[in-house]
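Counting begins at 1 with the first residue of the sequence. For the numbers below, each heavy atom of this structure counts, side chains included, while hydrogens, waters and symmetry mates do not. Counting convention: from 1, in listed order, for ligands and their atoms alike.
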Amino acid sequence: MISKKALLATMGLSLSVLLTPAVAQNSFLSDSHVMKRVQTQQKYLLLPVEETVDYSHIRVIKNNKVVKEFNCKLAINRTDYSVPLNLNEFGDDVLLDIQFHGEKRKTSEIKDYACWNEMKTSDTFDTSNREKYRSAYHHTPLWGWMNDPNGMFHKDGVWHLYFQYNPYGSQWENMTWGHSTSTDLINWKFEGEAIQPDAIGTIFSGSSVVDNKNTAGFGKGAIVSYYTSAGAAQTQSMAYSTDNGMTFTKYEANPVITSNLPDFRDPNIFWHEETQKWIMILAAGQQMEIRSSTNLKDWTLESTFGEGYGSHAGVWECPDLINIGGKWVLICNINPGGPFGGSAAQYFVGDFDGHKFTCESAPTTTKWMDYGKDHYATVSFNNAPDGRHVVLPWMSNWQYANQVPTKQFRSANGLPRDLGLFSYKGESYLTTKPSPEVFNAFASKPDNKLTATCYIEANNLKHGATITLSNAKGEKVVMTYDAKKETFAMDRNNSGQTDFSNEFKTVTVAPTYGTLKSVLIFIDHNSIEAFDADGKMAMTNLVFPNEPYNKLTATGCKTKIYQLK
Ligand code: FRU
């Protein structure tokens with residue numbers, strides 16, 4: 001049968017004349033229920049969002065079947081921004097069944113809600129948006145909400161980053177794996193939604209492996225991903241891709257791993273060479289479960305780790321287990337309970353024999369990967385080249401992530417970092433350095449202009465050295481090195497906008513484990529990341545200056561500034 005589109009094209013008629021207005025009528029069925037028929041040849045229905053109202057539940061119905069459902073804060077009083085519902089996959093005629101929830105809706109008659117006027121069809125959705133706090137050289141979603149990085153891997157020269165994504169608003173909801181790719185870890189291309197919610201649950205965090213030996217039977221080099229299906233229970237499900245991570249097929253026997261624990265999530269998988277097995281580490285309540293498999297489908301519980309070790313001041317989440325030069329590092333993100341409140345990443349150094357992780361430090365020892373307040377859910381890329389251990393953080397904190405002053409998108413990733421190890425007074429710690437790719441993004445010749453997108457190299461740091469970034473509005477960030485206490489601190493109390501949360505103002509303090517010789521300070525529109533050039537310290541903090549800091553005042557050190565190319 002010839003499609004309506006083709007028919008119109010052959011008739012040489014202008015679609016815009018025939019199909020305006022594209023949105024057919026609404027049927028108001030009660031004070032909380034609307035059915036809306038959408039007949040259009042256009043690609044998107046733009047949904048107006050108001051962030052302070054309650055969620056509406058939207059079911060997309062095609063031929064009497066639900067083909068998609070999600071929650072969206074449809075605007076009642078005014079529109080903050082719009083999000084696109086892609087109609088392409090459903091054809092030119094769908095029915096939306098919309099239920100409004102909560103008390104806020106009672107402020108006006110349903111037929112007068114702001115959303116009806118601005119719910120428009122369109123062939124385009126503007127993603128060129130340059131809000132003043134959108135990062136220039138950190139990954140951000142083009143629109144919508146992002147939290148944890150998920151399922152990251154490297155293959156054929158391409159870095160794949162999946163992430164916890166809400167395409168229908170800039171706050172946490174409708175968890176889906178978004179997907180972006182990059183060849184240089186700096187410039188990212190949004191590839192759309194890779195794994196969408198289903199009848200088992202929304203799609204929480206997880207990991208991917210490149211199955212080079214075809215152990216799972218999906219083909220040599222297939223990408224096999226595990227994620228948490230978050231329904232009434234948290235269970236672990238699998239999906240695989242035979243086109244290098246661009247599209248996924250969900251495994252028909254999902255969920256693969258179940259438990260009656262309420263917090264049971266974030267599977268992270270890697271190949272263990274010595275035992276020739278896949279290992280999965282999984283957050284299970286207040287500890288990590290370690291499982292093994294030969295085929296990525298059948299898993300044997302090997303051991304647990306964590307009871308009595310490190311910080312238990314919050315929920316254990318997003319684990320990783322990495323072999324760095326013969327020692328094993330177990331990463332355990334924890335929320336709340338971070339050193340400055342809220343979310344943070346702790347880690348343990350020890351040994352792993354394919355069955356059991358043994359921590360080499362006293363149980364009471366707590367080590368943090370990053371001493372800022374905006375570094376969370378950090379895990380590594382699978383299959384990274386040259387034996388590198390490249391990790392990527394989510395650059396926010398659950399205390400205020402949903403409130404930070406951005407609109408059409410929320411959250412960025414921290415800079416990619418390469419991990420190593422160093423020892424200090426008998427303990428092993430992680431070294432964290434900006435990945436080499438980061439430096440390629442900056443001019444090789446320094447100048448002395450502080451801008452919204454640059455990095456500062458501060459050398460020959462002396463005791464009491466201070467580095468202050470400020471603007472004409474009197475907003476500033478002050479960094480201080482105390483060689484006697486062996487600490488580096490960053491004060492963002494007067495950094496700009498801070499009143500969106502009582503938890504934002506803070507001074508973060510890092511141990512420097514001996515002398516801090518040089519510090520590298522990366523500035524983007526809404527973030528400052530300080531690294532010991534030798535890797536012994538990392539500190540990642542968000543800032544929201546009303547205008548960019550343009551004045552650098554440094555004492556007790558020598559500074560150079562490198563501009564983003
Ligand atoms: C960590 C986390 C994960 C979970 C995901 C849900 O930030 O809570 O444990 O899988 O976010 O979005």
Verify whether one side chain among Ser208 and His160 offers a donor that lies under 3.5 Å from an acceptor in the other.
-> no
Would you mind listing which atoms of ligand 1 come within a distance below 4.0 Å of any non-hydrogen atom of Trp172?
-> 6 (C), 12 (O)
Quick one: does Thr228 get a heavy atom under 4.0 Å from ligand 1?
-> no
Is there a donor in the side chain of Ser501 and an acceptor in the side chain of Gln399, or the other way round, less than 3.5 Å apart?
-> no
Where is the nearest protein heavy atom to atom 10 (O) of ligand 1: which residue, which atom, and how far?
-> Asp266 OD1, 2.6 Å
for atom 12 (O) of ligand 1, nearest protein heavy atom and its distance come out as Gln164 OE1, 2.6 Å
Honestly, is Lys367 close enough over Tyr429, meaning NZ or CZ under 6.0 Å from the six-membered ring centre and within 45° of the axis?
-> yes
Distance filter under 4.0 Å to Met175 heavy atoms, resulting ligand 1 atoms = 12 (O)
Please determine, by modelled atom types, if Asn413 and His139 share a side-chain donor-acceptor pair under 3.5 angstrom.
-> yes
For atom 8 (O) of ligand 1, grab the closest protein heavy atom and report residue, atom and distance to one decimal in Å.
-> Glu317 OE2, 3.0 Å
Within the structure, does Tyr376 bring an N/O atom to less than 3.5 angstrom of an N/O atom in ligand 1?
-> no
Side-chain donor-acceptor pair under 3.5 Å between Lys155 and Asn244, yes or no?
-> yes
Any idea which part of Val315 is under 4.0 Å from ligand 1, heavy-atom wise: side chain, backbone, both or neither?
-> neither
Classify the side-chain pair Asp418/Ser435 by whether it contains a donor and acceptor separated by less than 3.5 Å.
-> yes
Residue part near ligand 1, for Ser205, under 4.0 Å between non-hydrogen atoms = both
What atoms in ligand 1 come closer than 4.0 Å to a heavy atom of Trp398?
-> 1 (C), 7 (O)
Ligand 1 to Trp394 polar contact by distance, N or O atoms, under 3.5 Å | no
Which residue and heavy atom of the protein sit nearest atom 2 (C) of ligand 1, plus the separation = Asp148 OD2, 3.3 Å
Taking the six-membered ring of Phe218 (Phe, Tyr or Trp), confirm whether the NZ or CZ of Lys297 is under 6.0 Å from its centre and within 45° of its axis.
-> yes
Return the orientation label for the Phe163 and Tyr165 ring planes: parallel under 30°, perpendicular over 60°, tilted otherwise.
-> perpendicular
